[in-house]
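For the numbers below, each heavy atom of this structure counts, side chains included, while hydrogens, waters and symmetry mates do not. Just so we're clear, the structure is a prediction, and the values are computed from it rather than from any experiment. Each chain gets a letter, A, B and so on, in the order the sequences are listed, and its residues count up from 1.
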Protein chains: 2
Amino acid sequence: MPHNHEAILNHVKADMPADEVLQDLGDLFKIFGDTTRIKIMYALHEDEMCVCAIAELLNMTQSAISHQLKVLKAANLVASRREGKTIYYRLSDDHVKSIIAQGYDHLTE
Amino acid sequence: MPHNHEAILNHVKADMPADEVLQDLGDLFKIFGDTTRIKIMYALHEDEMCVCAIAELLNMTQSAISHQLKVLKAANLVASRREGKTIYYRLSDDHVKSIIAQGYDHLTE
DNA sequence: TCATCATATGAACACTTGCTCATATGTTCA
DNA sequence: TGAACATATGAGCAAGTGTTCATATGATGA
């Protein structure tokens with residue numbers, strides 16, 4: 001007969017967050033899981049930047065950057081302000097920096 | 001004429017990690033960007049578990065779990081030990097917990 | 001109001017990804 | 001050695017994702 005895990009399962013189940021929370025967590029990290037978005041967030045690390053500057057920095061299309069900024073904004077990872085024709089993007093809070101830093105730590109060990 | 005970003009670009013470029021590092025960072029977070037893997041890591045949060053227990057907990061195929069454990073192991077996020085026929089998996093370091101915790105913080109604000 | 005710059009958006013396509021199914025590997029015990 | 005259990009693996013497929021291309025929206029200044 002297959003072995004039994006009743007004890008462990010009951011214990012772990014009790015500590016498990018709701019499915020919805022875990023789904024949201026996955027969705028959040030999915031956003032960090034793309035090099036272009038990582039680069040954008042890194043670029044905004046110290047200062048705000050306009051869309052075309054980011055595009056020039058990453059040597060990518062304005063459209064591609066704009067699409068990604070939309071994703072980042074929807075996840076509350078970046079915020080923006082308009083100044084004339086130009087729109088400046090910045091990181092919306094410090095979690096971005098901490099998350100990336102933790103990831104970096106894991107890599108460099 | 002389009003506006004100029006020379007100053008900002010030079011500044012940001014200097015602080016930008018190598019492309020390879022950013023690629024690795026993206027690849028790492030990509031692994032956190034899946035609900036099944038998040039659940040597995042959460043399940044291992046406190047204690048090691050064998051494959052079939054995880055499968056039972058998540059109500060998923062043994063094969064599906066095994067495939068994901070392989071991904072997690074390749075990224076050094078989990079480690080395993082054999083005990084007879086059973087193989088127990090555990091988190092390989094504390095970064096997993098910190099990364100998930102940071103993500104959780106971002107969500108609950 | 002018209003031309004130009006800055007950004008956003010939608011459709012389409014190539015590429016990736018996670019699961020399933022079938023099967024292989026590895027271990028134990030009789 | 002063979003049967004049963006635990007896990008791993010490979011191929012295949014449906015669903016998701018990031019970029020491009022064309023075009024739309026919005027703002028400025030002449």
Side-chain angles (χ1 to χ4, degrees), chain A residues 1-5 8-9 19 22-23 26-41 43-44 48-75 77-90, chain B residues 1-5 8-9 19 22-23 26-41 43-44 48-75 77-90:
Chain A
M1 76 215 94
H3 71 271
N4 184 293
H5 331 94
I8 306 177
L9 289 192
D19 258 47
L22 297 169
Q23 179 75 50
D27 289 344
L28 175 65
F29 286 120
K30 202 168 288 173
I31 295 174
F32 284 82
D34 175 76
T35 309
T36 300
R37 288 190 291 263
I38 289 278
K39 285 181 182 177
I40 292 177
M41 290 187 275
L44 302 180
E48 64 179 12
M49 287 178 84
C50 65
V51 180
C52 58
I54 300 174
E56 194 178 335
L57 173 70
L58 305 189
N59 200 29
M60 289 180 65
T61 309
Q62 173 268 321
S63 175
I65 300 300
S66 190
H67 276 296
Q68 297 297 13
L69 284 170
K70 188 178 184 178
V71 174
L72 291 170
K73 194 169 187 178
L77 295 171
V78 303
S80 63
R81 71 177 178 89
R82 176 183 281 278
E83 190 179 309
K85 288 177 289 190
T86 307
I87 297 184
Y88 291 94
Y89 281 85
R90 63 180 180 281
Chain B
M1 74 213 98
H3 71 272
N4 184 293
H5 331 94
I8 307 176
L9 289 191
D19 258 48
L22 297 169
Q23 177 75 51
D27 289 345
L28 175 65
F29 286 120
K30 202 167 288 172
I31 295 174
F32 284 82
D34 175 76
T35 309
T36 300
R37 288 190 291 263
I38 288 276
K39 285 181 180 175
I40 293 177
M41 290 187 276
L44 303 179
E48 63 180 13
M49 289 180 84
C50 65
V51 180
C52 58
I54 300 174
E56 195 177 337
L57 174 70
L58 305 191
N59 201 30
M60 289 181 64
T61 310
Q62 172 268 321
S63 176
I65 301 300
S66 191
H67 276 297
Q68 298 296 12
L69 284 170
K70 188 178 184 180
V71 173
L72 291 170
K73 194 168 186 179
L77 294 170
V78 304
S80 64
R81 70 178 179 89
R82 176 183 282 279
E83 191 178 309
K85 287 176 289 189
T86 308
I87 297 184
Y88 291 95
Y89 281 84
R90 64 182 181 281

Check whether any side-chain N or O of B:Thr36 sits under 4.0 Å from OP1 or OP2 of C:dC19, and answer yes or no.
yes
Nearest-neighbour nucleotide for the B:Ile87 side chain, C:dT7, D:dA8, D:dT20 considered:
D:dA8
Length of the line joining B:Ile31:CD1 and C:dG18:P, which is rounded to integer Å:
9 Å
Does C:dG18 have its OP1 or OP2 closer than 4.0 Å to a side-chain nitrogen or oxygen of B:Arg37?
yes
A:Ile65 CD1 to C:dA8 C1', in whole Å, measures 13 Å
Please give, in whole Å, the distance from D:dA24 P to A:His67 NE2?
15 Å
Toward the 5' end of DNA chain C, by each residue's nearest nucleotide, A:Lys85 or A:Ser80
A:Lys85
Could I get the full list of side-chain contact (heavy atoms from CB on, under 4.5 Å) partners for B:Arg82, not counting sequence neighbours?
B:Ile87
Would you say a side-chain N or O of A:Thr61 is under 4.0 Å from OP1 or OP2 of D:dT19?
no
Would you say A:His3 places a side-chain N or O within less than 4.0 Å of OP1 or OP2 belonging to D:dC5?
no
Among C:dC5, D:dG18, D:dT20, which is the nearest nucleotide to the side chain of A:Asp34?
D:dG18
Kindly point out which of C:dT20, D:dT17, C:dT27 is positioned nearest to the side chain of A:Lys30?
D:dT17
Interatomic distance, A:Asp27 CG vs D:dA15 P [rounded to whole Å]
18 Å
What's the closest nucleotide to the A:Ser66 side chain, out of D:dT20, D:dT7, C:dT7?
C:dT7
So, does B:Gln68 get its side chain near the phosphate of C:dC19, meaning an N or O under 4.0 Å from OP1 or OP2?
yes
Between D:dT28, D:dT7, D:dT19, spot the one nearest the side chain of B:Cys50, thanks.
D:dT7
Considering heavy-atom distances to DNA chain D, does A:Gln62 or B:Lys70 have its closest nucleotide positioned more toward the 5' end?
B:Lys70
Considering only heavy atoms and no angle criterion, is a donor-acceptor pair shorter than 3.5 Å present between the side chain of B:Ser63 and the base of C:dC21?
yes
Are OP1 or OP2 of D:dA8 and a side-chain N or O of B:Tyr89 less than 4.0 angstrom apart?
yes
